[in-house]
Amino acid sequence: MVNQRLFGFLEDWRTETSYVQNLPIDHLKYWIAETDIDGFRYDSARHIGLDFWKPCVEEISRYTTYLGKKQFLQIAEHAGSTHEELTAYNGAKFSNQIDYPTYYNVKHSFGDGNWLGGLAEYFCGFLAPPQAYHAGWKNNIMFLDNQDTTRIFHEFLSRLAHQDDVRVRLHFALACLILGPQIPSIYQGTEQEFCGALGKHQREDTGEWIGHDCYVGEDMFDNPACVWQFGLINRKSFAPYSQTHPTFVLIRQLAEIRFQNRLIQNGVRTLLCSRNNGVWCVLIHDPAFDRPLFVAMNLGSKPVFEKALEIPNCYGEFCGVDRLIATSGGEFHVVEGGIQIRLPAFTFVLGQLCRDETGLR
């Protein structure tokens, strides 16, 4: 042990010594052998140096390969606010990093007048950093909320009066996340529209105000025993867990689309237009795939109806579109001269373009 505690309560081990290094590495190997798990999420990775992470990740990779696990995940949770802080850990060769810098970039965009613009920029891949990650930026894990942040539903609810309007923005955000360029992560409760926020409480002994996260770690089901000294954690503000909840259904549909379309993660994202009325149109394409994906988004507060949006000839000629997903009533279809789109406010539509009549719907 070092002669102090991290944050005043966490044990701080001398991980720079080989003896201490071997203890947690052997501990990790034990749980792999005991439970046949497929990966680890290393919490608070930035509070341990590379002198530990390099031998740890290397030995776990060697051990899992020996066991026949070819894609064992070693995910680092480094909550740094800049990409430079995260890429400083490239030497550890984690399989994935949780992308806090990109999350902060999107979250901070909620504060300006065009507060869905950060989500659209993320979807287009514009937030990719100049710094190279060991496994690539696209292999990072992106999220809208987690156990250490205010929930995304609350972020929208604090800006809007009606929950129906909040759901429209939430569905737009989820489409940008799940169909975005990185690996998406959904925090439990988002699919039920939990809306907790980080808060503070006052210590009785010192009077000091301290942050807490109990209202972003709610139980998923009713639990009368789950209480906190300042009130119930699991308030009766949501219905029993529902697999027919509109947001649950949307997440399942988006996940299926991502799983069935490798182009979403591997394709090139080209912004075809971004108009003053809030319409953005994006093409996801790759020469190896015959049918590119077309996305139309309305970031504005007014519905938009546009005729014959043209796709440059260099991407080919299309006779139809197979619509895959639409939030809040958005739609488009191929007409002579281009694509006709109808987008209510804050909607997202994804379709697969057809090159022949057999794919027309």
Side-chain angles (χ1 to χ4, degrees), residues 1-32 35 37-61 64 72-108 129 131 133-135 137 139-152 182-190 196-201 210-218:
M1 283 279 292
V2 177
N3 294 326
Q4 61 183 2
R5 290 180 179 271
L6 191 63
F7 304 129
F9 62 90
L10 291 178
E11 294 178 349
D12 191 0
W13 296 354
R14 294 189 184 276
T15 51
E16 63 273 18
T17 66
S18 59
Y19 170 73
V20 175
Q21 287 177 7
N22 290 334
L23 292 175
I25 292 173
D26 288 344
H27 181 73
L28 294 170
K29 291 163 68 175
Y30 166 81
W31 283 111
I32 296 169
T35 64
I37 56 176
D38 296 310
F40 287 121
R41 172 194 176 276
Y42 296 127
D43 189 71
S44 303
R46 64 175 170 172
H47 297 300
I48 305 176
L50 285 173
D51 51 5
F52 170 78
W53 286 124
K54 286 181 178 179
C56 175
V57 173
E58 181 179 1
E59 175 59 16
I60 296 302
S61 296
T64 54
F72 191 84
L73 297 177
Q74 297 191 72
I75 303 170
E77 189 246 18
H78 186 311
S81 58
T82 68
H83 289 288
E84 289 85 354
E85 292 177 83
L86 271 65
T87 55
Y89 276 65
N90 277 350
K93 298 183 179 179
F94 296 111
S95 59
N96 315 80
Q97 291 214 51
I98 298 176
D99 202 329
Y100 270 88
T102 301
Y103 159 77
Y104 287 133
N105 201 324
V106 170
K107 180 180 178 180
H108 293 161
Q131 301 86 0
Y133 280 86
H134 161 68
W137 179 75
N139 210 38
N140 279 359
I141 296 171
M142 177 58 177
F143 60 97
L144 294 175
D145 50 16
N146 63 25
Q147 76 287 343
D148 292 323
T149 71
T150 292
R151 288 189 176 273
I152 183 64
Q182 295 182 296
I183 298 173
S185 173
I186 304 295
Y187 181 45
Q188 60 193 46
T190 300
L198 298 179
K200 290 185 177 182
H201 73 275
I210 300 175
H212 71 78
D213 57 7
C214 68
Y215 289 117
V216 297
E218 310 98 318

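Any value given below was found using the heavy atoms of this structure, including those in side chains, with hydrogens, waters and symmetry copies removed.
- No side-chain donor-acceptor contact under 3.5 Å links Glu77 to the backbone of Tyr42.
- With hydrogens and angles ignored, the 3.5 Å screen pairs no side-chain donor or acceptor of Glu59 with any backbone N or O of Ile25.
- For the atom pair CG of Asn22 and NE2 of His27, the computed distance is 14.5 Å after rounding to the nearest 0.5 Å.
- Atom-to-atom distance recorded for Leu23:CG and Thr15:OG1 is 11.5 Å, nearest 0.5 angstrom.
- Proximity of Thr190 to Leu144: side-chain heavy atoms (C-beta onward) are nowhere separated by under 4.5 Å.
- In terms of modelled atom types and a separation under 3.5 Å, the side chain of Tyr89 and the main chain of Arg46 share a donor-acceptor contact.
- In this model, no donor atom of one side chain and acceptor atom of the other lie less than 3.5 Å apart for Asn140 and Tyr103.
- More than 12 heavy atoms of other residues, nucleotides or ligands sit less than 6.0 Å from atom CD of Gln131.
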**OP:** Test Thr64 against Ile32 for side-chain contact (heavy atoms from CB on, under 4.5 Å), laying out the working first.
**Re:** CA-CA 8 Å; Thr64 54; Ile32 296 169; 3.8 Å; yes
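- Of all heavy-atom pairs spanning Gln74 and Ser61, the tightest one is NE2-OG, 3.0 Å.
- Below 30°, between 30° and 60°, or above 60°: for His108 and Tyr104 the angle between ring planes is below 30°, a parallel geometry.
- Once rounded to the nearest 0.5 Å, the distance linking CD1 of Ile60 with CG of Leu73 reads 13.0 Å.
- Contact annotation: the side chain of Ser185 never approaches that of Ile98 to less than 4.5 Å [non-hydrogen atoms, C-beta and beyond].
- Side chain of Trp13 to main chain of Val20: no donor-acceptor pair is present (N/O by atom type, distance under 3.5 Å, no hydrogens or angles).
- The shortest non-hydrogen separation linking Ala92 to Trp53 is CB-CB, 3.7 Å.
- The heavy-atom pair separating Phe52 from Pro24 by the smallest distance is CE1-CG, 3.6 Å.
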**OP:** Kindly indicate, with the supporting measurements, whether the criterion side-chain contact (heavy atoms from CB on, under 4.5 Å) is fulfilled by Tyr133 and Asn139.
**Re:** CA-CA 9 Å; Tyr133 280 86; Asn139 210 38; over 6 Å; no
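- Between the side chain of Asp213 and the backbone N or O of Asp148, no donor-acceptor pair lies under 3.5 Å.
- The aromatic rings of His201 and His212 are tilted relative to each other, their planes meeting at an angle between 30° and 60°.
- Formation of a donor-acceptor pair under 3.5 Å by the Asp145 side chain with backbone atoms of Ile152 is found in this model.
- For the residue pair Gly39 and Phe72, the shortest heavy atom distance occurs at N-CE1, 3.3 Å.
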**OP:** Please test Thr149 against Tyr187 for side-chain contact (heavy atoms from CB on, under 4.5 Å), starting from the C-alpha separation and ending with a verdict.
**Re:** CA-CA 10 Å; Thr149 71; Tyr187 181 45; over 6 Å; no
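- Panel note: side chain Gln182, backbone Met142; no donor-acceptor pair is recorded below 3.5 Å.
- The backbone N or O of Leu198 lies less than 3.5 Å from a partner atom in the side chain of Thr150, making a donor-acceptor pair.
- Put simply, NE2 on His134 and CG on Asn96 are 9.5 Å apart, with the number rounded to the nearest 0.5 Å.
- No side-chain donor-acceptor contact under 3.5 Å links Asn105 to the backbone of Pro101.
- At distances below 3.5 Å, at least one donor-acceptor pair connects side-chain atoms of Thr87 with backbone N or O atoms of His83.
- Across all their heavy atoms, Gln21 and Pro55 have their closest contact at OE1-CG, 3.6 Å.
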